[in-house]
Amino acid sequence: MEPDGKDGALLRGVLRAGESAGQSTEQLRLATQHLASIVEFSDDAIISKNLEGIVTSWNAGAKRLFGYSAAEMIGGPVTRLIPSHKQDEEPGIIARIRSGERIDHYETVRLHKNGKLIDVSLTVSPIKDADNRIIGASKIARDITEKKKTEAELLRRERQLKQAREELLEHARKLEQRVEERTLELRESNHQLETLVYSIAHDLRAPLRSMQAYSQILLDDYVSGLDETARHYARRIIHSAETMDALVLDLLSYGRIARSEMFLEPLALESVWKTALQQYEKDIGDKQARIETVPPLPRVMGNEVTLGQVLANLLGNALKFTVPETAPSVRFRTEERDRLVRIWIEDNGIGIDPEYHDRIFRIFERLQGQAYPGTGIGLSIVRKGIERMGGRSGVESTPGKGSRFWIELPAAGP
Ligand code: ADP
């Protein structure tokens, strides 16, 4: 019996192909029925049409997806499913099918019977007859409304994210600008403060010297008129005036380093270190200090006077904060890395609790009180001076295990 109906040509083709392969008509009919039921019960819409775009088969999935029954669609134009703004798609699809091409997962929009648009993914393949001629197309349409919704949602979130990122960037930019402005203001007020401290310190020296001088005159020329208590007070005045003068002098050095032009040039570290050692020659001898200078001492970029003062302050502290009854031992060495020279001044002194490693670099910060004399300005000169030469400074230390102070400056090359 010859198959009839919509897909007659296709079935006839299948049967003839099967017959020539030696299969019985009955076997082929069963196989064809089996295939037809797979198509019928598929979740996807499976449609076939001829090359004129007339629908030739329509499964239950197609009814579910598009709302039309097979009776309504078979024999009618497939363009009924195409919304007006997509009508020009069909000629293109037919042309590609005619040339034997298969169209895979083509995402587009189709029209439901109720007039609503549905997002679909189409896979269209040519149908051939027994003579291998293309006689139509089979089309599988899948509802991708949910997928599209998810995609749209993702896109919306992506846009939100992008907007949030842009807002954040704008925020960061404004913040950065504010920080820059504040830094500038702070630098300006810092500079004014430093100028004020410098002029106060400068003006303080004259009355101080008078106090010292008049007290000394009292002790030298009027000693007979003074009892022991009065002489003691006069000596206390001189001592206090001296302490204060040292403080004023240190403040003036700090002010000079903070304010003055900092001319940088390649420096022979060895000679700057030697000058610092000479400054403390007497102290080194008195305390029988052991000084170890470890070569090489590379050239660094810096200001000679400032670096001299920094090294002298660090050496002075290494000789000062010693463990009682122990001769000081100082090691001077360098490390060179990434065009930077790190200079270490290490001692065997009393050491510093890590809690204070940063604080001691601030002005007037002292940890020992009267046990070791000082003004609390030396390390702030170190930090300020190194900072003004474009470097960094720090310390590694544990109480009772000595201190390793370091400063870092750009290398000046050979
Ligand atoms: P000063 O030496 O006048 O006290 P500095 O600013 O040079 O002031 O040092 C600040 C403080 O840091 C010192 O009072 C001391 O407590 C601590 N300090 C500095 N250098 C050393 C060191 N080599 N060993 C132990 N403590 C140190």
Side-chain angles (χ1 to χ4, degrees), residues 246 250 253 257 267-300 302 304-337 340-362 364-386 389 391-409 411:
D250 276 356
S253 324
I257 281 186
L267 300 174
L269 189 54
E270 191 164 5
S271 92
V272 189
W273 175 234
K274 226 183 229 166
T275 312
L277 285 174
Q278 277 161 5
Q279 233 175 294
Y280 282 92
E281 209 169 0
K282 183 168 181 315
D283 221 13
I284 291 169
D286 290 351
K287 294 183 170 170
Q288 297 183 321
R290 184 177 120 76
I291 308 285
E292 186 191 357
T293 303
V294 186
L297 299 186
R299 283 151 69 82
V300 293
E304 191 166 2
V305 176
T306 308
L307 182 60
Q309 188 159 8
V310 165
L311 293 184
N313 286 3
L314 291 174
L315 174 62
N317 282 348
L319 295 170
K320 179 165 67 173
F321 294 101
T322 52
V323 177
E325 317 297 329
T326 310
S329 176
V330 181
R331 199 155 92 110
F332 186 77
R333 66 180 180 92
T334 61
E335 276 170 8
E336 196 168 348
R337 200 185 314 142
L340 288 172
V341 178
R342 186 173 275 213
I343 303 164
W344 292 88
I345 296 188
E346 304 168 344
D347 64 47
N348 62 340
I350 56 174
I352 305 154
D353 193 317
E355 191 187 334
Y356 303 112
H357 285 186
D358 217 41
R359 247 172 70 177
I360 51 170
F361 285 91
R362 294 187 212 146
F364 299 136
E365 290 283 356
R366 308 197 66 238
L367 306 178
Q368 271 73 36
Q370 295 303 310
Y372 297 86
T375 58
I377 300 174
L379 286 181
S380 43
I381 289 179
V382 168
R383 178 144 290 175
K384 189 72 170 181
I386 293 293
M389 292 188 283
R392 299 188 309 147
S393 53
V395 65
E396 289 176 4
S397 177
T398 321
K401 298 216 169 112
S403 306
R404 300 204 309 274
F405 279 85
W406 59 265
I407 53 174
E408 204 170 69
L409 286 173

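Note: hydrogens, waters and symmetry copies are ignored here, and every other heavy atom, side chains too, is used. Since the structure is predicted, the reported quantities are computational estimates derived from the model, not experimental observations.
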Item to check | Set of side chain to side chain contact (heavy atoms under 4.5 Å, CB included) partners for Val323, sequence neighbours left out | outcome: Thr326, Ile350
Item to check | Heavy-atom neighbours of Glu396 CD exceed 12 at 6.0 Å | outcome: yes
Checklist entry - Atom CG of Leu367 and atom CD1 of Ile352: how far apart are they, to the nearest 0.5 Å? => result 7.0 Å
Next on the checklist: To the nearest 0.5 Å, what is the distance between CD1 on Ile386 and NZ on Lys384?
Outcome noted: 13.0 Å
Checklist entry - Can you tell me how far CG of Leu267 sits from CZ of Arg299, rounded to the nearest 0.5 angstrom? => result 8.0 Å
Checklist entry - Of all residues at least two apart in sequence or in a different chain, which pass the side chain to side chain contact (heavy atoms under 4.5 Å, CB included) check with Glu365? => result Arg359, Arg362
Checklist entry - So Glu292 and Ser329, side chain to side chain contact (heavy atoms under 4.5 Å, CB included) or not? Walk me through it. => result CA-CA 8 Å; Glu292 186 191 357; Ser329 176; over 6 Å; no
Item to check | CZ-OG1 distance between Arg366 and Thr375, expressed to the nearest 0.5 angstrom | outcome: 7.0 Å
Checklist outcome for this item: Output for pair (Asn317 CG, Asp347 CG), nearest 0.5 Å, gives 8.5 Å
Item to check | Derivation of the side chain to side chain contact (heavy atoms under 4.5 Å, CB included) call for Ile377 and Phe364 | outcome: CA-CA 5 Å; Ile377 300 174; Phe364 299 136; 3.7 Å; yes
Item to check | Glu355: side chain to side chain contact (heavy atoms under 4.5 Å, CB included) partners, not counting sequence neighbours | outcome: Asp353
Next on the checklist: With salt bridge (charged side-chain N to carboxylate O under 4.0 Å, His left out) as the rule and sequence neighbours excluded, what pairs involving residues 370-383 come up?
Outcome noted: Asp358-Arg383
Next on the checklist: Applying side chain to side chain contact (heavy atoms under 4.5 Å, CB included) to Leu314 and Phe332, what does each step give before you reach the verdict?
Outcome noted: CA-CA 11 Å; Leu314 291 174; Phe332 186 77; over 6 Å; no
Checklist entry - Of the non-hydrogen atoms in Ser403 and Ser397, which two are nearest, and what is the gap between them? => result OG-OG, 3.1 Å
Would you give me the side-chain donor-acceptor pairs under 3.5 Å for residues 275-287, sequence neighbours excluded?
from: Thr275; atom 1: OG1; to: Ser271; atom 2: O; distance (Å): 2.8
from: Lys282; atom 1: NZ; to: Asp286; atom 2: OD2; distance (Å): 2.8
from: Lys287; atom 1: NZ; to: Leu319; atom 2: O; distance (Å): 2.7

Item to check | Where at least one partner belongs to residues 305-328, residue pairs that pass ring pair (Phe, Tyr, Trp, His ring centres under 6.0 Å), sequence neighbours excluded | outcome: Phe321-Tyr372
Checklist outcome for this item: CG (Leu311) and OG1 (Thr306) are apart, to the nearest 0.5 Å, by 11.0 Å
Next on the checklist: Go through it in stages, so that I can follow the logic: the residues are Phe405 and Leu379, the test is side chain to side chain contact (heavy atoms under 4.5 Å, CB included), and I'd like the CA-CA distance, side-chain angles, deciding distance and then a yes or no.
Outcome noted: CA-CA 10 Å; Phe405 279 85; Leu379 286 181; 3.8 Å; yes
